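Remember, it's 1-based here, ligands and their atoms both numbered in the order they're listed. Computed from a predicted model, the values in this text were never measured in an experiment. For the single chain, residues carry numbers from 1 onward in sequence order.
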Amino acid sequence: MSTVAMRQFSVTATNSFCSWSATTIPKTPPLCALDPGQIRLSVSRRFGFLGGDGTSLQSLGVGRRRLSGVDGRRSSKRVATKAAFISPPADPQFANLDNDGMEDVLGSVPVAPRGPKPIITWSLVLGLLWKQKLRLSVAAMALLAATTCTLMMPLFSGKFFETLIGVRKEPLSELLAKLGVIYLMEPALTVVFITNLVHVWENVMAHLRSEVFRRILIQKVEFFDRHKVGELTGILSQDLGAMKDLVNENVSRDRGFRAFSEMMGTLCILFALSTQLAPVLALLMLSVSATISIYKRTTMPVFKAHGAFQARMIDCANETFSAIRTVRSFGGERRQTGMFDEMVLAFQKSGDKLGWLKSTNESWTRVAIYISLMALYFLGGTKVKAGELAIGTMVSFVGYTFTLTFAVQGLVNTLADLQGMLSAVKRINTVVGRAEVDEWLAHGLEREARGELQNPDECESSVDTGVVDRSFNGTAAHSLNYDSKKSVCELAWSGDVVLENVFFAYPLRPEALILKGINLHLKRRTVTAVVGSSGAGKSTIVQLLARFYEPSGGRITLAGVDVRKFDKSEWARAVSIVNQEPVLFAMTVAENIAYGLPNKAVSEAEIVAAAKAANAHDFIVSLPEGYDTMVGERGSLLSGGQRQRIAIARALLKNAPILILDEATSALDSVSERLVQGALDRLMKGRTTLVIAHRLSTVQAADQIAVCADGNVIEVGTHAELIAKEGTYASLVNTQRLSFE
Ligand SMILES: Nc1ncnc2c1ncn2[C@@H]1O[C@H](COP(=O)(O)OP(=O)(O)OP(=O)(O)O)[C@@H](O)[C@H]1O
């Protein structure tokens with residue numbers, strides 16, 4: 001029976017798998033952390049297995065986040081009404097637990113993600129702009145002054161014309177001198193306006209870009225399962241690019257702020273010059289802007305389709321180039337070229353359509369200008385002839401007609417850019433702003449940034465390790481009482497790692513239960529091998545131990561402490577993973593090894609020592625530039641065995657107490673395997689190691705071997721014990737026709 005402590009009432013929820021009840025709440029509730037009024041509990045069959053006898057909610061702890069059920073059944077609602085009385089947060093030790101933790105804790109309570117948390121908001125942007133108010137004011141004043149200069153030009157044209165025909169007495173040279181000053185000032189002011197505004201906006205964009213990147217980086221791993229890399233890089237390039245362009249592409253005379261101020265100024269001047277002619281022009285301008293708006297609206301789908309064709313074309317090229325070896329080996333060049341050509345054709349057709357629409361728009365704009373001019377010549381000419389309007393004013397009007405037309409046209413284009421930017425921001429906020437931030441990671445990084453973590457990169461074996469008990473017959477685990485002053489690394493050097501009744505389903509496939517109550521005890525400083533058929537869930541155990549995902553039920557402990565009490569960045573320092581396909585960065589060999597301690601200045605001697613221990617030194621010095629040789633994208637300029645040894649050197653430098661080897665040698669030939677195995681033996685020494693291997697010959701010497709099948713551990717023992725048992729392991733060994741003793 002699972003019990004949840006609550007005040008004033010009791011709740012019992014049951015389904016076919018479990019039953020738990022809520023009774024009274026103690027004064028200082030260990031559960032703490034649930035916002036009153038924000039909770040809805042629900043019991044779903046999917047999570048039913050998590051409850052059951054002996055699962056105490058207190059023992060698991062509850063996070064402080066809002067908890068909201070997603071199950072709309074009647075039983076859920078009944079529980080929900082009462083659960084609203086649960087007391088507010090009281091215990092800060094659970095402050096960093098998040099949704100997953102709560103899901104685990106309550107077991108039968110699926111947790112809905114928190115609502116979207118937009119990353120780019122008006123207040124953020126305005127705040128960033130406000131920080132640069134001085135530059136902004138300079139830009140605004142320069143804009144006003146430059147616009148004034150521009151608007152004075154048609155006036156001077158009128159005066160100039162009047163002087164020429166003798167209506168005006170002002171000397172021509174004086175008039176030209178004034179016009180010269182305006183012609184000089186306008187470009188100078190434009191420089192001041194553009195440089196200041198662009199500088200301000202670049203600053204804002206730099207901040208937003210870093211923030212978006214940081215936010216993507218701290219998303220849960222399932223976020224990266226859900227979104228393609230291209231989509232995420234697209235956010236940083238295209239979507240943020242659209243935001244940047246709103247200013248950078250709209251600082252010219254015929255766009256944005258400039259167009260707006262010119263349009264407003266022109267309208268004012270026109271009304272001041274002639275109240276009879278101005279409305280005619282204003283009306284005509286309205287029709288121009290309406291035409292352009294209609295054009296923009298109707299062409300938006302065509303533009304979008306054009307963009308989509310382009311994206312598909314680039315995706316196709318990306319995929320082809322990144323899988324070039326596969327394409328070559330299958331002789332797939334013709335197929336890829338065919339696919340690409342199809343996309344090129346579609347892109348070309350949509351481009352043609354756009355061209356046609358653009359030309360229509362262009363000619364319509366001209367028609368509107370000519371209609372304006374005809375109207376002006378007719379009305380203005382009649383008034384000049386009747387002596388009701390000065391000829392200079394008439395000339396100025398013609399000038400303003402052009403100014404107004406281009407300003408309106410520019411403004412409509414800017415509005416379309418604004419619309420594009422708003423959709424880009426919406427996309428960013430929807431994708432990145434979703435409630436998938438890995439709070440455990442974010443919290444750790446914040447603490448690290450505040451310098452609260454001791455020796456952030458050190459993971460030395462500073463704790464008394466005691467005598468290593470390599471026997472697995474006893475039931476008592478070597479565990480310490482959790483002491484918050486101890487770092488995770490300290491605990492990891494001296495404590496056992498235990499998977500206790502762990503259930504897990506991948507977030508993207510919640511209906512498929514992969515781990516079904518796994519129990520696995522990794523005794524400190526010993527080697528545990530996990531074997532089993534393909535798809536049994538071996539790599540999933542690795543993912544959970546690395547804390548890429550959190551268990552849906554049960555828990556993983558280190559020295560008896562639930563690992564969810566540790567920040568993920570701290571945890572990452574305590575765990576090294578060496579995979580079948582190690583990923584190297586496109587940097588030098590030395591930089592790749594030094595990545596083992598990414599936040600520390602690693603000395604050359606340390607790098608060389610790690611490389612030597614990893615059997616990598618000899619091949620590294622034979623490379624053209626030794627340790628300074630670039631390894632290529634994902635290490636493509638090195639062989640598989642070389643990459644693996646660099647990855648081992650990196651792990652050796654990291655010196656993490658927990659080591660995970662996931663098929664680390666399976667992709668290698670026998671010579672490479674021998675070299676890598678030698679390095680691995682050195683790496684494993686004294687660490688709590690989990691080895692996943694298909695080739696059973698590589699795990700015979702492990703201190704214990706766990707056989708995994710259908711999401712469970714079905715046999716545990718040493719090689720000899722399991723052979724003697726004549727169970728699944730023994731038949732696996734037979735299948736692989738290995739010659740054991
Ligand atoms: N990111 C993921 N999202 C959804 N399902 C996944 C994901 N990764 C693995 N799975 C599924 O989980 C199951 C177990 O996979 P896992 O990789 O743990 O098996 P394994 O025992 O390591 O297999 P192998 O020996 O072939 O590597 C598989 O059915 C797989 O399809």
* Asked: Do the side chain of D703 and the main chain of V527 share a donor and acceptor less than 3.5 angstrom apart?
  -> yes
* State, with a plain yes or no, whether a side-chain heavy atom of V497 is found less than 4.5 Å away from one of L690. => no
* With a 4.0 Å cut-off, would you call E570 and R573 a salt bridge? -> no
* State, with a plain yes or no, whether a side-chain heavy atom of F504 is found less than 4.5 Å away from one of L499. => no
* Find out whether N655 and R687 are in side-chain contact, i.e. whether some heavy atom of one side chain is under 4.5 Å from a heavy atom of the other. => yes
* Of the protein's non-hydrogen atoms, which lies at the shortest distance from atom 9 (C) of ligand 1, and what is that distance? -> Y506 CE1, 3.5 Å
* To do: Would you give the length of the straight line joining atom CG of N734 to atom CD1 of I723, rounded to the nearest 0.5 angstrom?
  => 7.0 Å
* To do: May I ask you to identify the nearest protein heavy atom to atom 26 (O) of ligand 1, giving residue, atom name and distance to one decimal place in Å?
  => S534 OG, 2.6 Å
* Measure the distance from atom 13 (C) of ligand 1 to every protein heavy atom, then report the residue, atom name and distance (to 0.1 Å) of the closest one. => I514 CD1, 3.6 Å
* **R564 backbone acceptor or donor facing D562 side chain under 3.5 Å** => yes
* To do: Could you check which of G535, A693, P510, S539 puts a non-hydrogen atom nearest to atom 17 (O) of ligand 1?
  => S539
* To do: Could you tell me whether ligand 1 has any atom less than 4.0 Å away from a heavy atom of L508?
  => no
* To do: Please identify which atoms of ligand 1 are closer than 4.0 Å to at least one heavy atom of Y549.
  => 1 (N)
* Asked: Does ligand 1 have an atom under 4.0 Å from some heavy atom of A536?
  -> yes
* When you check the side-chain N and O atoms of T540 and Y549, is any donor under 3.5 Å from an acceptor? -> no
* **ligand 1 contact on F504 by region, counting heavy-atom pairs under 4.0 Å** => neither
* Please state which protein non-hydrogen atom is closest to atom 30 (C) of ligand 1 and give its distance, to 0.1 Å? -> R509 NH1, 4.4 Å
* Check whether any heavy atom of F548 sits under 4.0 Å from an atom of ligand 1. => no
* Near T540, which atoms of ligand 1 are under 4.0 Å from a heavy atom of that residue? -> 14 (C), 15 (O), 16 (P), 18 (O)
* Asked: So, does S533 sit close enough to ligand 1 that a heavy atom of it is under 4.0 Å from the ligand?
  -> yes
